Amino acid sequence: MKSLFRSVKNLLSVDMGIDMGTTRTRVFVRGNGVALDEPSFVAVNYRDGETEAVGKEAYKLFGRCPPHLEILKPVERGVIENFELAEAMLNGLLENLFKKKALLGARICVVSPTGATDVEKKAFEDVAIQVGGREVFLVEAPVAAAVGMGLPIDKARGLVCVYLGGGTTQAAVFSEGELMFSVSEPVGGEDLTEAVISGIRKKHRILVGAHTAEQLKTAMGSAYPSDRDETREIYGKSVMDGLPRAQFISNWELREMMEGPLNRIANAIKASLEKAPPDLAADIKRHGLYLCGGTAQLEGMGSLISHVTGLSCSISGNPQHACIQGAEKVSGDMRKYGRFTTTPGSRQFTG
Ligand SMILES: Nc1ncnc2c1ncn2[C@@H]1O[C@H](COP(=O)(O)OP(=O)(O)OP(=O)(O)O)[C@@H](O)[C@H]1O
Ligand SMILES: [Mg+2]
C-alpha cells in the first residue's frame with residue numbers, strides 16, 4: 001500500500017502548453033506561468049546514442065563540444081525534423097522541470113506552425129502524447145500569439161498578427177473573431193545569424209562561431225538605419241591560416257550583412273497582406289501590424305516592416321513569450337478559443 005502511495009505521488013496530472021520552436025522550447029504549467037524557456041538543442045553521445053544533455057546545457061556545448069558528442073536540433077523551420085530527438089529533448093526538459101515525476105494524463109496545448117501538413121501536425125501531437133499527454137490539441141503560432149498579446153480579434157474587422165520566429169515568419173489575419181487566413185515563410189532569426197557568420201567570413205576572412213554571431217546580432221544588430229554608431233571587437237579564426245584573430249565590427253556593417261534575409265522577412269509579410277480581402281483594408285490600416293516573436297526584438301524591425309508595408313507596427317511587451325502565453329489563455333478558455341484549436345479525433349488518446 002505504501003509503495004503504491006509512493007508511486008502515485010510520483011505521478012503528476014497537469015494542464016500545460018508546449019511551444020517547441022526552431023531555436024527555443026517553452027512550456028507553461030497552469031499555476032506556474034512560463035515554467036521553462038530553453039534552447040531547442042540535444043547533445044547526443046556518438047558512442048552509445050544516449051542523450052547527454054538537453055536545452056541550455058546542450059547549447060553551452062554547441063561549437064565547443066568533445067568529439068564523442070554531437071549537438072543536434074530536433075526542430076527545423078518550425079517543424080519536427082527528427083521525432084526521436086524531439087521526444088528525447090522534451091523528456092529531458094520535462095524531467096528537469098518536474099523533478100523526475102512522471103506526467104499522468106496531462107492536458108497539453110501544443111503550438112504548431114501555421115501551414116503545417118497533417119503529417120507535421122501529427123508529429124507534434126504524437127510527441128506530446130509520448131511525454132505523457134492524454135488530451136492533446138494544437139493551436140497555430142500566430143493565433144496563439146494574437147491571443148497571448150490580448151489583441152482585440154473579436155472586435156476588429158481586420159487585424160494582422162505577425163510572428164517573427166527563429167526559423168519562420170508567420171502571419172494571421174482576423175476579422176470579427178474569425179481567422180481569415182494564415183501564412184508561413186521559412187525565414188527567420190536563424191537566417192539573420194547565419195548571414196552574420198557568412199558576412200564576417202566574406203568581408204574579414206574570419207570564421208566566427210554561432211554563439212559569437214548570435215550575441216553580436218542581439219546586442220548590436222539592427223534592421224533599419226539609425227543615428228546610432230557602435231563598434232565591437234569580436235574574436236574568430238582566420239580563414240587564411242586558422243589562427244585566432246580579433247576584428248572590430250560596426251552596427252551598420254551588421255545590417256548590411258543581414259540585408260538579404262531582412263528583405264525576405266519584410267517581403268513575406270507584404271505578400272501576406274496582398275492576400276487580405278479588400279473590405280478589411282481600412283481596419284488593417286487603422287490597427288497597423290502587431291509584431292511578436294523573438295526576432296521582433298531586433299532593433300528597427302518595426303521601422304523596416306513599416307517602411308515596406310506602409311503600415312504602423314506595434315511590438316508586444318514580451319514578444320518572445322506571446323505564443324506560449326497565448327497557449328495558456330487558449331487552453332484556459334476553450335469555450336472562447338476552442339474554435340482556433342484542432343483535436344483530430346482519430347489521434348486523440350481516449351483510454
Ligand atoms: N534581442 C534580440 N534581437 C534580435 N533577435 C533576437 C533577440 N532575441 C532573440 N532573438 C532571435 O529570436 C529568434 C527566436 O525567436 P523565437 O523564440 O520566437 O523562435 P522559435 O520559436 O525558436 O522559432 P520558430 O517559431 O520559427 O520555429 C532567434 O533567432 C533569436 O536570435
Ligand atoms: Mg516559435
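On a predicted model such as this, the values are computed, not experimentally measured, just so you know. Here, residue 1 is the first one in the sequence, and each next residue gets the next number. Counting starts at 1 for both ligands and their atoms, in listed order.
- Ring-plane geometry between His211 and Phe62 is classed as perpendicular, the angle between the planes exceeding 60 degrees on a 0 to 90 degree scale with a lower cut at 30.
- Within the model, atoms OG of Ser312 and NZ of Lys285 stand 7.5 Å from one another, a figure rounded to the nearest 0.5 Å.
- Below 30°, between 30° and 60°, or above 60°: for His287 and Tyr290 the angle between ring planes is between 30° and 60°, a tilted geometry.
- Under a 4.0 Å criterion applied to the non-hydrogen atoms of Gly21, ligand 1 contributes the atoms 20 (P), 21 (O), 22 (O), 27 (O).
- Taking CG of Leu151 as the reference point, atom SG of Cys292 lies at 8.0 Å (rounded to 0.5 Å).
- Using modelled atom types and a 3.5 Å distance limit, the side chains of Ser40 and Thr25 yield a donor-acceptor pair.
- In the vicinity of Gly189, heavy-atom distances shorter than 4.0 Å reach the ligand 1 atoms 29 (O).
- The heavy atom nearest to atom 12 (O) of ligand 1, considering only Cys323, Gly294, Ala141, is found in Gly294.
- Between Val208 and Ala213, the closest heavy-atom pair is CG2-CB, 4.5 Å.
- A 4.5 Å side-chain heavy-atom check between Thr218 and Gln297 finds every atom pair outside the cut-off.
- Of the N or O atoms in Arg77, none lie within a sub-3.5 Å distance of an N or O in ligand 1.
- Between the CZ atom in Phe83 and the CZ atom in Phe124 there is a gap of 10.5 Å [rounded to 0.5 Å].
- Near Thr22, meaning under 4.0 Å from any of its heavy atoms, are these atoms of ligand 1: 20 (P), 22 (O), 23 (O), 24 (P), 26 (O), 27 (O).
- Residue contact check: Thr168 has heavy atoms under 4.0 Å from atoms 24 (P), 25 (O), 26 (O) of ligand 1.
- A side-chain N or O of Ser331 and one of Arg30 form a donor-acceptor pair less than 3.5 Å apart.
- Set against the non-hydrogen atoms of Tyr163, the atoms of ligand 1 under 4.0 Å away are 16 (P), 18 (O), 19 (O), 20 (P), 21 (O), 23 (O), 24 (P), 25 (O).
- Rounding to the nearest 0.5 angstrom, the gap separating the OG1 atom in Thr231 from the CG atom in Asn251 is 7.0 Å.
- Among all non-hydrogen protein atoms, the one lying nearest atom 19 (O) of ligand 1 is Gly166 N, 2.9 Å.
- Contact analysis puts Glu190 in contact with ligand 1, with a non-hydrogen atom separation below 4.0 angstrom.
- Annotation for ligand 1: atoms under 4.0 Å from non-hydrogen atoms of Leu298 are 3 (N), 4 (C).
- For the Mg ion (ligand 2), the set of nearby N, O or S atoms under 2.8 Å includes one belonging to Tyr163.
- What you find for Leu291 and Met149 is that their closest heavy atoms are O-SD, 3.9 Å.
- Summary of contacts: the protein heavy atom closest to atom 30 (C) of ligand 1 is Glu214 OE2, 3.3 Å.
- At a 4.0 Å cut-off, at least one heavy atom of Arg26 sits close enough to ligand 1 to count as contact.
- Of all protein heavy atoms, the one closest to atom 7 (C) of ligand 1 is Thr218 CG2, 3.4 Å.
- What sits closest to atom 8 (N) of ligand 1 on the protein, heavy atoms only, is Gln297 NE2, 3.2 Å.
- At the shortest separation from atom 13 (C) of ligand 1 among protein heavy atoms lies Thr295 OG1, 3.6 Å.
- Listed by number with element, the atoms of ligand 1 under 4.0 Å from a non-hydrogen atom of Gly78 are 27 (O).
- Closest approach of Leu298 to Ala223, counting heavy atoms only: CD2-CB, 3.9 Å.
- Residue Lys217 has at least one heavy-atom neighbour below 4.0 Å for each of these atoms of ligand 1: 5 (N), 11 (C), 29 (O), 30 (C), 31 (O).
- At the shortest separation from atom 28 (C) of ligand 1 among protein heavy atoms lies Thr23 OG1, 3.9 Å.
- Taking 4.0 Å as the cut-off, Gly167 counts as a neighbour of ligand 1 on heavy-atom distance.
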